[in-house]
Amino acid sequence: MPEISREWWRLRISLKQWAQDALVSFLHENGCNGAEFLDAQPSHLLLAYCRDEPASRSLCQRLWEYSRALGEIHGECPVVGIELERIKDPGWAHAWKAHFRPSRLSRRLAVRPPWSSFDGPEGLRVIQIEPGQAFGTGLHETTRLCMEWLDDLLRDSPIPRTGMDLGTGTGILAMAMALLGVRQVLALDQDPLAVEAALENVRNNNLVETIQVVQGSLDAAGERLFPLVVANLTGTVLMGMARELAKRVCPGGKLLVSGILGEEAKHVAEAFRRAGMRKLGSRRRGEWRAMLLAVRK
Ligand code: SAH
């Protein structure tokens with residue numbers, strides 16, 4: 001994975017507890033890259049992270065408007081105050097692991113560290129992740145893009161029976177697929193530390209029946225084809241394995257790739273076109289892109 005940005009803008013939002021779920025959803029739907037709660041009295045404190053200043057300012061403004069709208073319905077505005085601050089700490093990208101709090105990542109998916117008992121509203125599927133050595137707590141844009149897209153793809157039936165997650169890291173995307181209804185998921189990673197982390201997370205989330213974690217790359221999948229494949233790698237790695245990856249998707253199946261930088265997107269799309277795949281769409285978050293592909297008929 002390329003470097004995580006070293007400069008962020010943070011909104012410190014004091015809020016009334018009754019509105020926390022609504023506000024977290026609103027933040028995520030309006031360009032926030034990650035949010036965490038701090039318990040503070042008398043109001044709750046929510047920290048929301050944005051990638052650039054214009055996004056953070058516009059988020060602030062929209063949040064005030066949303067709070068006023070909620071205030072009209074509930075008789076009390078839930079947002080008490082917002083402070084905007086720039087974070088330049090180069091260690092922050094790793095430091096947040098120590099402060100990893102529950103975060104909602106898409107309509108139906110959230111993550112939480114093992115020490116949190118966060119359940120969220122009914123219908124929300126909460127994945128417990130140990131923020132250890134492997135990549136994948138869900139707060140990076142490349143993972144978020146996949147979580148959001150998986151959530152959309154797996155909303156309508158028929159839900160594919162099987163799926164593959166290439167480069168599973170903590171196992172987060174494999175677990176997302178499983179929790180959204182895919183019955184059998186193969187999770188692959190070439191890094192033994194990631195495999196160890198994924199195995200632990202899969203056990204902790206009671207998904208051992210559904211997810212098989214195997215060390216290795218595509219070869220480890222044998223001859224199997226899948227109706228749904230997700231690969232959050234890098235643009236360069238994806239281009240290098242486009243043909244092999246395309247061969248793993250069964251007719252009518254879909255391939256979701258992420259970890260692509262803006263300037264790489266064209267080349268990645270071309271590599272998959274040459275491998276016989278058709279681009280169904282692409283989505284972006286900050287400088288990152290994800291792409292959905294299907295086997296060309
Ligand atoms: N899926 C997780 C982790 C993505 S990081 C998420 O979305 O957050 C990418 C992971 O892919 C790393 O754990 C890395 O070890 C693994 N990886 C990179 N190239 C790979 C390859 N060719 N085969 C298998 N795993 C690979």
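Since this is a predicted model, take the numbers as computed values, not measurements. In listed order, ligands and their atoms are each counted from 1.
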Heavy-atom contacts with [X] under 4.0 Å: which atoms of ligand 1 show up? List them by number with element.
X: Gly216; value: 24 (C)
X: Asp191; value: 15 (O)
X: Leu173; value: 1 (N), 7 (O)
X: Gly169; value: 3 (C), 13 (O)
X: Met241; value: 22 (N)
X: Thr143; value: 6 (C), 7 (O), 8 (O)
X: Ser217; value: 21 (C), 22 (N), 23 (N), 24 (C)

- request: Count the heavy atoms belonging to other residues, nucleotides or ligands that lie under 6.0 Å from CZ of Arg62, then report whether that count exceeds 12.
  value: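 Yes, enclosed.
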
field: Heavy atoms of other groups near Glu65 CD, more than 12 under 6.0 Å
entry: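 Check passes, neighbour count above 12.
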
Indicate, as side chain, backbone, both or neither, the part of [X] found under 4.0 angstrom from ligand 1 when only non-hydrogen atoms are considered.
X: Ile172; value: side chain
X: His140; value: neither
X: Leu233; value: side chain
X: Asp189; value: both

query: Any ion pair linking Glu270 and Lys266 (charged N to carboxylate O, less than 4.0 Å)?
result: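 Salt bridge flag = no for Glu270 with Lys266.
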
- request: Dump the intermediate steps for side-chain contact (heavy atoms from CB on, under 4.5 Å) on Leu124 and Phe118, then the final yes or no.
  value: CA-CA 10 Å; Leu124 191 68; Phe118 172 79; 4.0 Å; yes

task: Check Ala176 against Leu109 and note the closest heavy-atom contact, atom names and distance.
output: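 Heavy-atom minimum between the residues: CB-CD1, 3.8 Å.
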
field: Shortest non-hydrogen contact from Lys247 toward Glu244
entry: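 The pair with the smallest heavy-atom distance is NZ-OE2, 3.0 Å.
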
message: Using heavy-atom distances only, which candidate in Gln190, Glu244, Arg144 approaches atom 21 (C) of ligand 1 most closely?
response: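 Looking at heavy atoms only, Gln190 sits closest to atom 21 (C) of ligand 1.
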
field: Options Gly240, Ala197, Cys146, Gly167, ranked by nearest heavy atom to atom 10 (C) of ligand 1, top entry
entry: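 Shortest heavy-atom distance from atom 10 (C) of ligand 1: Gly167.
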
- prompt: Does Glu85 have any salt bridge (charged side-chain N to carboxylate O under 4.0 Å, His left out) partners at least two apart in sequence or in another chain, and if so, which?
  reply: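 Testing Glu85 for salt bridge (charged side-chain N to carboxylate O under 4.0 Å, His left out), a comparison that skips the adjacent residues, returns Arg10, Arg12.
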
query: What residues, two or more places apart in sequence or in another chain, satisfy salt bridge (charged side-chain N to carboxylate O under 4.0 Å, His left out) together with Arg248?
result: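 Arg248: no salt bridge (charged side-chain N to carboxylate O under 4.0 Å, His left out) contacts found.
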
Gap separating the CG atom of Leu199 from the CD atom of Gln212, nearest 0.5 angstrom: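 Rounded to the nearest 0.5 Å, the CG-CD separation comes out at 10.0 Å.
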
